[in-house]
Amino acid sequence: MDFSLSDETRMVVDTVRRFVRDKVQPLEQETEELGRVPPDKLGPLKAEAIALGLYALNMPAEVGGGGLSVLDMCLVEEQLGQTSDALIRRVFGQVYPMLMACTPAQRAAYLEPTITGEKICAMAITEPGAGSDAAAITTTARLEDGHWVLNGTKHFISDGDIADYVIVMAVTDPEKRARGGITLFLVDRDAPGFSVSRVQPMMGHRGYGHAELVFDDCRIPQANVLGEVGGGFKLIMSSVSGIRLGHIGARAVGMAQRVLDLMRVHAGTRKQFGQPIGEFQMVQQMIADSAMEIYATRMMVLNCAWDIDQGLDPRDKVSMIKVYASEMLGRVADRGIQMFGGYGFSKDLPLERIYRDCRVTRIYDGTSEIHRMLVARSIIRNGLTL
């Protein structure tokens, strides 16, 4: 493996690091309190990110994105992980890789304005009865008089309340399902029969909405199929490994690193019983354990990213990283709260937000239990092939 970085990549990572630290982190508390990114500050900040070339970095250069390799993007995601998900979405953009399957007409209507920050996209897969088992969705789509007609309910849809359009996964052939019976659709906000029934309150990830979406004989043009009819599940699966690796694995490293940085400073400045608490062995153990686990996770992420860039199948490694990174972050966040005591539990520091935000990483994009099952099945079938 060659983890050497080009000067251009180093510059991008350093620019993101400084931008997050100096411009984005100062808005975290206000975003938490308002339940949204402060509107008067979002516009200028987003415009600055776009001007610096930091918006939609995950997309190919041919469509106006950053054109970074998976490895390079994971290094960027690590820096993004040092702030809240709400601010990442609003300031740096949430552009889904499956949009590369757009037709030329769809690129002009959906992909291009999303990459330039003019439109917001949401991804609607999860349903009340289908979470980790995405193939079990019940939302249906049927072709009728030159239109697709969608019926069903999606929930926990990030940005679903404000999205200009939604990528919706629906069953088009109940007999085939994941084997050619699931299709992706581009559904505009004003499509007849599409509505947001409610915004679901959450324990963490404040600052943006998590909505329940209803499709009641929702009619969309036949041309709004994303990719091929029946190819939706395959298209989702082809993108999900990179998303999990960056959004969960790399961001968990960044968030945990931020906690460790706070712990390090506190260990040297906070005194009890006449000495800095960093002199106590139990505090040293918290710091050492956190540092080792962060390092191990970072190496796992970079190794897997390198594999993807070489064209190797990453699924087993991504499942391992999804479990390990999310659980590592939970342990580090818990140690941070414990070390800071009452201050860690207060809203004066970002620790309590990080503690709340990180809990869901063991749930979304497949629970820890599901990914452990996938890893075990693969090892039983093929052995440990790393």
Side-chain angles (χ1 to χ4, degrees), residues 20 24-38 42 77-92 94 120 122-126 128 131-132 154-163 198-212 243-244 246-263 290 294 297 322-340 342-371:
V20 168
V24 181
Q25 287 181 354
L27 295 182
E28 289 173 354
Q29 190 59 34
E30 191 174 357
T31 298
E32 281 279 303
E33 293 170 356
L34 284 176
R36 57 177 177 162
V37 182
L42 174 58
E77 291 282 13
E78 186 177 324
Q79 301 308 315
L80 296 181
Q82 299 237 355
T83 191
S84 71
D85 199 58
L87 285 159
I88 297 171
R89 287 172 172 272
R90 295 287 78 80
V91 177
F92 299 98
Q94 183 79 13
I120 294 174
M123 173 66 68
I125 299 175
T126 304
S132 294
K154 302 289 186 178
H155 75 165
F156 301 149
I157 306 306
S158 301
D159 290 333
D161 56 325
I162 64 169
R198 68 185 181 117
V199 176
Q200 297 164 282
M202 293 292 188
M203 168 181 156
H205 283 249
R206 296 172 185 170
Y208 65 104
H210 311 271
E212 186 173 79
I243 293 174
R244 283 173 178 154
H247 289 192
I248 298 176
R251 288 185 189 178
V253 170
M255 191 175 291
Q257 183 65 55
R258 186 176 179 189
V259 174
L260 180 58
D261 290 341
L262 291 168
M263 292 168 65
S290 298
I294 292 169
T297 309
K322 204 286 181 179
V323 174
Y324 191 84
S326 60
E327 295 184 358
M328 174 278 296
L329 177 56
R331 290 189 294 271
V332 173
D334 187 73
R335 292 181 194 124
I337 295 283
Q338 191 69 21
M339 180 183 290
F340 275 83
Y343 289 110
F345 199 68
S346 76
K347 291 185 178 293
D348 291 339
L349 296 172
L351 289 171
E352 65 86 26
R353 175 189 61 78
I354 292 172
Y355 187 79
R356 285 184 287 105
D357 284 354
C358 76
R359 183 58 182 87
V360 76
T361 59
R362 286 182 266 166
I363 298 172
Y364 65 48
D365 274 335
T367 63
S368 291
E369 292 74 21
I370 287 293
H371 282 286

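As the structure is a prediction and not an experimental result, all values here were calculated from the model.
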Note to self: If I compare all heavy atoms of A122 with all of I157, which pair ends up nearest, and what's the gap?
What the structure shows: CB-CG2, 4.1 Å

Next item on the list: Could you list the residues that satisfy salt bridge (charged side-chain N to carboxylate O under 4.0 Å, His left out) with R89, not counting sequence neighbours?
Entry: D85, D159

Next item on the list: Sequence neighbours left out, what passes ring pair (Phe, Tyr, Trp, His ring centres under 6.0 Å) with H210? Give chain and number order.
Entry: Y208

Checklist line | Close side-chain approach of I294 to M328, heavy-atom, < 4.5 Å | finding: yes

Check: Is any side-chain heavy atom of Q25 less than 4.5 Å from a side-chain heavy atom of V20?
Finding: yes

Item checked: A250: partners by side-chain contact (heavy atoms from CB on, under 4.5 Å), with sequence neighbours left out -> C74, E77, V301

Check: Sequence neighbours excluded, which residues qualify as side-chain contact (heavy atoms from CB on, under 4.5 Å) partners of L349?
Finding: F340, Y343, L351

Check: Of the non-hydrogen atoms in G344 and I337, which two are nearest, and what is the gap between them?
Finding: O-CD1, 3.1 Å

Item checked: side-chain hydrogen bond (donor to acceptor under 3.5 Å, both in side chains) involving E33 - partner list, sequence neighbours excluded -> Q29

Checklist line | salt bridge (charged side-chain N to carboxylate O under 4.0 Å, His left out) against R198, all qualifying residues, sequence neighbours excluded | finding: E212

Next item on the list: Calculate, to the nearest 0.5 Å, the distance between atoms CG and OG1 belonging to L34 and T31 respectively.
Entry: 7.0 Å

Notebook entry, point to check: Is the backbone of D365 close enough, under 3.5 Å, to the side chain of H371 for a donor and an acceptor to pair up by distance?
Noted result: yes

Margin query: Restricting to side-chain hydrogen bond (donor to acceptor under 3.5 Å, both in side chains), what partner residues turn up for Q82, sequence neighbours left out?
Written below: none

Checklist line | Minimal non-hydrogen separation, I354 against A333, with atom names | finding: CG2-CB, 4.3 Å

Item checked: Sequence-distant partners of E30, salt bridge (charged side-chain N to carboxylate O under 4.0 Å, His left out), two or more places apart -> K41

Checklist line | Contacts of type salt bridge (charged side-chain N to carboxylate O under 4.0 Å, His left out), residue R258, not counting sequence neighbours | finding: E28

Next item on the list: With sequence neighbours left out, write down each residue that passes ring pair (Phe, Tyr, Trp, His ring centres under 6.0 Å) with F156, or none if nothing qualifies.
Entry: none

Check: Which pair of heavy atoms, one from M263 and one from V332, lies closest together, and at what distance?
Finding: SD-O, 4.4 Å

Checklist line | Closest heavy-atom pair and its distance - K154, A124 | finding: CE-O, 3.5 Å

Item checked: Side chains of D261 and Q257, donor plus acceptor under 3.5 Å -> yes

Notebook entry, point to check: What pairs with E327 under side-chain contact (heavy atoms from CB on, under 4.5 Å), at least two apart in sequence or on another chain?
Noted result: V323, R331, R362, S368, R372

Next item on the list: Quick one: closest heavy-atom pair of T297 and A325, and the distance?
Entry: CG2-CB, 3.6 Å

Note to self: Checking R244 now: which residues fulfil side-chain hydrogen bond (donor to acceptor under 3.5 Å, both in side chains) with it, not counting sequence neighbours?
What the structure shows: none

